[in-house]
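Below you'll find the structure, written out as structure tokens, and then a few comments.
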Amino acid sequence: MAQRVSIGIFDSGAGGLGVLFECLRLSHGVRYFYLADEAHAPYGSRTEQEIASYVREGLQIFGVLGVDAAVLACNTATAACVEEMRRAFPFPVVGTEPAVRLAERAGCKHALVLVTPRTAQCARFRALLAREKERFTVFSPPRLASAVERFVTEGEPLSLSCHLPRGAFGGVVLGCTHYTLVKDEIAAFYSSPVFDGNPGTARRVLSLAGRDGQPLAGISDHQKGGLTTNKRSAQECECATKNEVIFLNSPKLYNKLHNEHMFSTRFPPKNVIFSQMSENFFDFSKKKWS
Ligand code: DGL
């Protein structure tokens with residue numbers, strides 16, 4: 001049987017779950033490692049140098065785990081250091097960028113682009129908007145990412161009117177993965193379409209990791225024909241068709257997410273195997289298995 005493809009997903013917190021959900025929707029038999037750098041969040045108020053050093057640490061862990069590709073599921077980290085990380089690591093590093101092109105293609109005349117304060121200042125983001133600046137209004141809510149993190153992980157009420165400007169916009173570009181977790185709420189707040197880059201990011205990383213989203217050859221035929229004759233082959237099929245998600249840190253936090261919030265409603269357990277790899281198993285300081 002072909003070896004399981006593995007992908008590392010990195011964010012400052014829960015924002016990267018939006019990218020993970022898209023990947024899970026599009027893939028079979030892929031192992032995902034999810035790493036949230038909660039100790040240094042929010043990245044939106046960090047310098048580019050700080051962010052680059054934290055991201056490097058995270059990707060080093062993915063390197064030890066032998067991933068086939070990694071995603072910076074964080075617009076801020078992408079804006080600050082994706083090029084540097086691509087040069088530093090042997091595996092492909094996919095970035096996450098505000099979906100301004102999607103808004104353009106949808107014919108959006110005047111869109112609001114929501115990004116973190118750091119992203120707004122990065123040269124990479126400025127270059128992205130340079131071509132059609134007058135069509136976009138950029139706004140950086142200083143505390144929205146942290147508020148979304150608490151909303152998602154602790155159930156703290158979220159009031160968008162405390163963070164977002166009022167106004168009429170033809171569309172809203174969600175330029176921070178945390179904002180994509182409250183996509184429906186933001187769409188309702190502005191009564192306008194929202195654009196998020198998560199599906200494109202997921203397609204990109206899966207193709208770079210060598211998975212086009214199809215089950216491994218022969219597996220689906222095998223199951224369809226009812227030829228699974230013993231437990232062992234059934235287990236092998238399951239392993240090849242189910243995705244697996246391993247949270248590398250925050251076991252409590254992601255248990256909560258899994259059980260109470262998103263995973264249980266979006267992905268029935270039959271499609272995804274969830275597990276945790278807490279500090280008991282992986283020594284983050286030494287970057288090795290203990
Ligand atoms: N989720 C991250 C992003 O996409 C940043 C949130 C933070 O400020 O840590 O930009």
Side-chain angles (χ1 to χ4, degrees), residues 8-24 32 34-46 50-51 54-55 58 71-82 94-100 102 112-122 124-125 138-165 171-190 194-202 245 247 249-250 253-254 256-258 260-263 266:
I9 299 184
F10 180 89
D11 182 38
S12 60
L17 294 175
V19 175
L20 173 66
F21 293 149
E22 291 302 330
C23 286
L24 291 173
Y32 296 95
Y34 191 91
L35 182 55
D37 184 14
E38 292 154 344
H40 301 115
Y43 277 10
S45 48
R46 298 276 182 184
E50 283 174 324
I51 294 167
Y54 305 144
V55 171
V71 192
L72 299 186
C74 173
N75 294 259
T76 314
T78 302
C81 63
V82 70
V94 174
T96 315
E97 275 189 327
V100 293
L102 286 183
L112 176 67
V113 184
L114 298 174
V115 291
T116 67
R118 172 54 52 209
T119 300
Q121 288 167 14
C122 286
R124 191 181 170 88
F125 173 69
V138 178
F139 184 75
S140 315
R143 283 176 292 277
L144 182 55
S146 304
V148 171
E149 179 87 16
R150 292 194 301 276
F151 170 70
V152 169
T153 59
E154 294 163 26
E156 189 180 297
L158 174 70
S159 167
L160 290 178
S161 56
C162 298
H163 299 276
L164 296 178
V172 182
V173 176
L174 305 177
C176 165
T177 50
H178 277 75
Y179 309 162
T180 68
L181 299 179
V182 288
K183 183 175 173 168
D184 294 345
E185 288 84 346
I186 293 177
F189 185 80
Y190 286 110
V194 293
F195 300 93
D196 98 67
N198 289 347
T201 306
V245 179
F247 290 115
N249 55 355
S250 307
L253 196 132
Y254 290 107
K256 187 173 164 64
L257 279 180
H258 177 196
E260 295 176 22
H261 290 281
M262 301 173 167
F263 292 123
R266 295 191 194 205

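Just so it is clear, the structure is predicted and the values come from calculations on it, not from any experiment.
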Can you check side-chain hydrogen bond (donor to acceptor under 3.5 Å, both in side chains) on Thr180 and Thr177, steps first, answer last? CA-CA 5 Å; Thr180 68; Thr177 50; 5.7 Å; no
Evaluate Leu114 against Leu164 for side chain to side chain contact (heavy atoms under 4.5 Å, CB included), listing each step before the verdict. CA-CA 9 Å; Leu114 298 174; Leu164 296 178; 3.8 Å; yes
Which heavy-atom pair separates [X] from [Y] by the least distance, and what is that distance?
{"X": "Cys122", "Y": "Ala79", "answer": "CB-CB, 3.7 Å"}
{"X": "Ile51", "Y": "Ala77", "answer": "CG2-CA, 3.8 Å"}
{"X": "Thr78", "Y": "Leu72", "answer": "OG1-O, 3.5 Å"}
{"X": "Gly13", "Y": "Tyr34", "answer": "O-OH, 2.6 Å"}
{"X": "Tyr54", "Y": "Phe10", "answer": "O-CZ, 4.0 Å"}
{"X": "Phe195", "Y": "Ala99", "answer": "CB-O, 4.1 Å"}

Please step through side chain to side chain contact (heavy atoms under 4.5 Å, CB included) for the pair Leu112 and Val173, ending with a clear verdict. CA-CA 6 Å; Leu112 176 67; Val173 176; over 6 Å; no
Does a side-chain heavy-atom distance below 4.5 Å link [X] with [Y]?
{"X": "Asn75", "Y": "Phe125", "value": "no"}
{"X": "Val82", "Y": "Arg124", "value": "yes"}
{"X": "Glu185", "Y": "Phe151", "value": "yes"}
{"X": "Leu144", "Y": "Tyr179", "value": "yes"}
{"X": "Val115", "Y": "Cys176", "value": "no"}

Determine whether the side chains of Thr96 and Thr201 contain a donor N or O and an acceptor N or O closer than 3.5 Å. no
Side-chain H-bond candidate by donor/acceptor type, Tyr43 with Asp11, under 3.5 Å: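 No.
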Gap separating the CD atom of Glu97 from the OG1 atom of Thr119, nearest 0.5 angstrom: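 Those atoms lie 10.0 Å apart.
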Just verifying a value: how many Å separate Gln121 CD and Ser140 OG, rounded to the nearest 0.5 Å?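 Reported to 0.5 Å precision, the distance equals 7.5 Å.
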Glu149 vs His178, test: side-chain hydrogen bond (donor to acceptor under 3.5 Å, both in side chains). Steps then yes/no. CA-CA 7 Å; Glu149 179 87 16; His178 277 75; 2.6 Å; yes
Main chain of Ala41, side chain of Arg46: is a donor-acceptor contact present, judged purely on distance under 3.5 Å?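 Not a single qualifying donor-acceptor pair exists.
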Assess the residue pair His40 and Glu50 against the criterion (side chain to side chain contact (heavy atoms under 4.5 Å, CB included)); give the C-alpha distance rounded to whole Å, side-chain angles, the decisive distance to 0.1 Å, and a yes or no. CA-CA 9 Å; His40 301 115; Glu50 283 174 324; over 6 Å; no
